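What follows is a set of notes on a single structure, which appears directly below.
Not measured: the values here are computed from a predicted model.
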Amino acid sequence: MPHMSYATSENTPLVARSSSSRRPWIFVAITAVLLVTAVVLGVLYQRASDDADSYKMSAAQAANTHALCSAVPVPTLPDPVALGFHTETRKRLGTALRGRLPGLRALVLMQGAATTEHFLADTEMLVWQESNFFYLSGYGKGGLARLLCVLGRETDVVAWDVECTLFVKKPSLPADVIWDGFAPTLEFLNTTYDVDNVRWTEDLEAVAEAAKSYTNVTQLHTLPDFPHADSLIVPVALQTLTRNTTQLRAGLGAARAVKTHLELQMIKHASDVGVAAHKFVMKETQRSQHEYQIEANFVALNTLCGIKQQAYLPIVGSGPRSAILHYNTNKMPVTGNWVLIDAGGVFYGYTTDITRTWPVDGLYSDDQRAIYNVVLASADAAIDIFRDGMPWENVTDASRLAMLKGLLDLGLVNGTIDELIANSIHGVFQPHSLGHHVGLDVHDYAPGGLGQCRSSEDPDEPIVCPGQLEANMTITVEPGIYFIPELINISLADPKKAPFLVESRIRHFVDKDFGGVRIEDVVQVGPEKGIMLSAAIPRTADKVSAWIRQ
């Protein structure tokens, strides 16, 4: 056939013969490329293997992680119905709303979290329930559940009775069984959740109409619409009512600010696991080559101890990145023999928030020890007066005074204490407030602004800290000293601040990429002084060093 004869014909074009003559050189070139590729891949593989080898745990190290978890006292897991936990929270709301709502009847409508997908990827995102919704109902699932509460009382000087109905989406059969393995019935839901009644969402309109008729109110009390969240879907029957978005939030903030015994147990357990995780990563940091490996160790220990959700993105900053307040990319090599980790988990919705800073090898340089000790003194000054009835401003003042004295002793600033305070010198080194409430949110809301010492992030704004401590509040104490080059440069160029800053001493820390120090604990307000829920983590420089190197 012509095609077959073409291959052997002496009339084959010269170009074909030239191609044939170059085949050995092409083979050599391809071989060389493959060899170079193999070498490069080999180097990359070796680096990856070295990285992984640094993580191969010995049997003793693996046993140590389990021992740390075994040492964590585990409280009885909450059975909301048996304990009446959310019945109690609704009573607390009724008490908190006394004096905030007029009349003898009121209506409250709240909406839970949506079940969202990652854009168009058909992949469900993690559901994290709106904290106030969970506080009153214990319902943690998505699907835009609704909570309709009827409030009533006999006179306008007593606490409100709060009766709530939870509305959830009716299961889709057989899809829910196929994908989720279970389709709850109303009977199951009513025995599982500590609310007065559970109904399907399709019943909401009829129930809302009846509630409106019974209460005869003109206002509907709701939370404000949240940024980046689904707006409240109001039943048609209630759309003629005026929405009041202030009093419910204020009442919930007041109810949640002071913790019950069971709430303290939840926060303490999250903190106990946080203690175990922080102690673990302190020892393991020497074997970590990248910040993300330190994060992985922290999260893994939490998971091993039964806590699968973090309260916020862990902050793991080494070297100069320890001065970035909310650094959470955690992807750089561990540098500077200095690591700050700010992280905590969630137990039954309740959070913790712990920060420690330490030298990777456990050996403090003179500079590291000096700055660390000033921050520690600042924290202890606050915790020592963390008692019932103490104005929050006094706590902040005590912490600030200890820090300014330390900065003076180190020669970083000069002038009198009054001059330093008047010119906001404290904010050059600590551009954030002393602490915040902790509970169902890691930055828990509380009315009166307690913990909110500035209305903006401007470190020059005067510190005014309203509110006072009450027994069994849980609030962080988190002083820090940071050498942030941009902030230092701005402050040195400020004619009001520059005279009080010793540039040569400050540049010593900036030029060596010192970074920063923060020490943070969740502190329960006690009768005489604060009760640190994470006190079991080594705090003094000597104890930190001893723990890492033992």
Side-chain angles (χ1 to χ4, degrees), residues 86 89-116 127-139 142-153 156 159-169 195-257 440-441 443-449 452 455:
H86 299 283
T89 61
R90 292 193 295 277
K91 286 181 180 179
R92 291 173 71 86
L93 174 63
T95 300
L97 288 175
R98 182 174 53 192
R100 285 188 166 90
L101 302 185
L104 304 180
R105 298 285 184 272
L107 270 182
V108 166
L109 179 66
M110 298 172 64
Q111 182 168 286
T115 302
T116 58
V127 173
W128 194 335
Q129 188 58 277
E130 197 281 313
S131 55
N132 294 295
F133 194 95
F134 184 81
Y135 180 72
L136 296 180
S137 69
Y139 189 75
L144 291 177
R146 249 72 61 80
L147 197 66
L148 181 63
C149 303
V150 175
L151 282 62
R153 56 184 175 176
D156 59 6
W160 292 89
D161 292 324
V162 182
E163 183 175 318
C164 296
T165 299
L166 173 67
F167 295 87
V168 302
K169 184 180 177 182
V195 291
D196 298 291
N197 196 10
V198 183
R199 304 277 294 266
W200 300 131
T201 303
E202 62 191 33
D203 299 330
L204 177 56
E205 283 291 347
V207 176
E209 181 66 54
K212 178 184 176 183
S213 176
Y214 168 74
T215 58
N216 193 31
V217 295
T218 59
Q219 287 191 337
L220 178 64
H221 294 278
T222 73
L223 293 171
D225 285 334
F226 304 107
H228 317 299
D230 293 86
S231 297
L232 177 66
I233 302 172
V234 179
V236 173
L238 306 182
Q239 289 179 5
T240 58
L241 302 180
T242 301
R243 279 184 66 183
N244 183 319
T245 61
T246 59
Q247 297 306 317
L248 176 60
R249 188 178 189 223
L252 282 163
R256 289 171 52 184
L440 284 171
D441 292 311
H443 287 183
D444 239 21
Y445 169 77
Q452 300 167 353
S455 59

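The distance from atom CD of E130 to atom CG of D441, rounded to the nearest 0.5 Å, is 7.5 Å. Atoms CG and CE, on L147 and M110 in that order, are 6.5 Å from each other to the nearest 0.5 Å. The CD atom of E209 lies 16.0 Å from the OH atom of Y214; values are rounded to the nearest 0.5 Å. The OG1 atom of T165 sits 13.0 Å away from atom CZ of R146, with the distance rounded to the nearest 0.5 Å. In this structure, CZ in R98 is found 11.0 Å from CZ in R100, a value given to the nearest 0.5 Å. Atoms CG and CG, from L223 and L232 in turn, are 8.5 Å apart once rounded to the nearest 0.5 Å.
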Take I233 and Q111, measure what side chain to side chain contact (heavy atoms under 4.5 Å, CB included) needs, and give me the verdict at the end.
CA-CA 8 Å; I233 302 172; Q111 182 168 286; 3.6 Å; yes
Check the pair T201 / L144 against side chain to side chain contact (heavy atoms under 4.5 Å, CB included), numbers first and verdict last.
CA-CA 9 Å; T201 303; L144 291 177; over 6 Å; no
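Listed here is the closest heavy atom pair of V207 and R199: CG2-NH1, 3.7 Å. Of all the heavy atoms in Q129 and A113, the pair that sits closest is OE1-N, 2.6 Å. Here the closest non-hydrogen pair linking L101 and A106 is CD1-CB, 4.1 Å. Heavy-atom minimum distance, L238 versus A208: CD2-O, 3.7 Å. Of all the heavy atoms in Y135 and L440, the pair that sits closest is CB-CD1, 3.6 Å. Taking both residues in full, the closest heavy atoms of A159 and R153 are given as O-CB, 3.7 Å, listed atom of the first, atom of the second, then distance.
The 12-atom threshold is not exceeded at CD of E163, counting heavy atoms of other residues, nucleotides or ligands nearer than 6.0 Å. For K212, the NZ atom sits in a packed shell: over 12 heavy atoms of surrounding residues, nucleotides or ligands are nearer than 6.0 Å.
Taking the side chain as every heavy atom from C-beta outward, P235 and L109 approach each other to under 4.5 Å. Looking only at side-chain heavy atoms (C-beta outward), F133 and L166 come within less than 4.5 Å of each other. Between L151 and L93, the closest side-chain pair of non-hydrogen atoms is not below 4.5 Å. In this structure, R90 and D196 have side chains that are in contact, with non-hydrogen atoms separated by less than 4.5 Å.
Checked by atom type, the side-chain pair R256/N132 shows a donor-acceptor distance below 3.5 Å. Checked by atom type, the side-chain pair N244/T246 shows a donor-acceptor distance below 3.5 Å. Judged purely by distance below 3.5 Å, without hydrogens or angles, the side chains of T222 and R243 pair a donor atom with an acceptor atom.
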